[in-house]
Amino acid sequence: MLKKAAMVDYQKCHPEKCDHGVCLAALECEYGNLVQEDPYEAPEINPAKWWHGCAKCAQACPLKAIRML
Ligand code: SF4
């Protein structure tokens with residue numbers, strides 16, 4: 001069975017509303033699938049990583065900007 005992958009909804013993602021610009025979703029990802037280069041920048045999906053489908057990032061995002069597809 002295919003595991004769900006995450007997608008960042010950039011209409012909903014507002015890093016300035018998160019913890020001092022730190023992406024809580026990227027912080028939560030222990031696999032490095034979601035990467036934030038610098039504070040106050042929106043996170044990006046790391047295409048080089050294998051997706052685990054745990055959805056911890058989606059749960060951690062206070063603005064519900066991560067969708068599992
Ligand atoms: S994905 Fe969520 S937690 Fe991460 S910067 Fe965007 S709004 Fe904040």
Side-chain angles (χ1 to χ4, degrees):
M1 189 169 108
L2 283 177
K3 295 189 176 175
K4 289 189 172 184
M7 192 198 87
V8 181
D9 182 342
Y10 291 107
Q11 301 289 325
K12 292 183 178 177
C13 176
H14 298 285
E16 72 278 7
K17 294 181 180 175
C18 297
D19 189 12
H20 300 286
V22 173
C23 175
L24 300 173
L27 205 60
E28 187 67 25
C29 183
E30 60 191 278
Y31 306 109
N33 290 8
L34 196 60
V35 178
Q36 184 184 36
E37 290 291 333
D38 289 300
Y40 297 100
E41 286 190 8
E44 294 182 3
I45 303 295
N46 184 349
K49 295 286 184 173
W50 183 70
W51 201 260
H52 292 256
C54 65
K56 288 181 182 174
C57 55
Q59 292 163 11
C61 175
L63 301 183
K64 305 294 178 210
I66 308 287
R67 290 196 311 180
M68 302 302 293
L69 302 176

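Both ligands and their constituent atoms are indexed starting at 1 by order of listing. Every value quoted in this text rests on a predicted model; they were computed, and no experiment measured them. In this chain, numbering begins with 1 at the start of the sequence shown.
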Mind checking the [atom1]-[atom2] spacing from [X] to [Y]? Nearest 0.5 Å is all I need.
| X | Y | atom1 | atom2 | result |
| --- | --- | --- | --- | --- |
| K64 | D9 | NZ | CG | 13.0 Å |
| C57 | M68 | SG | CE | 5.5 Å |
| Q59 | C54 | CD | SG | 7.5 Å |

- Task: Would you confirm whether E37, through its side chain, and E44, through its main-chain N or O, come within 3.5 Å as a donor-acceptor pair?
- Result: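 Between the backbone of E44 and the side chain of E37 there is no qualifying donor-acceptor contact (under 3.5 Å).
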
Note, atom 2 (Fe) of ligand 1 has protein N, O or S atoms under 2.8 Å numbering 1

Is it the case that one hydrophobic cluster holds both I66 and Y10, taking links as side-chain heavy atoms less than 4.5 Å apart, direct or via other members?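 Same cluster.
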
Do the side chains of L24 and L34 join up, straight or via other hydrophobic residues, at under 4.5 Å, putting them in one cluster?
-> no

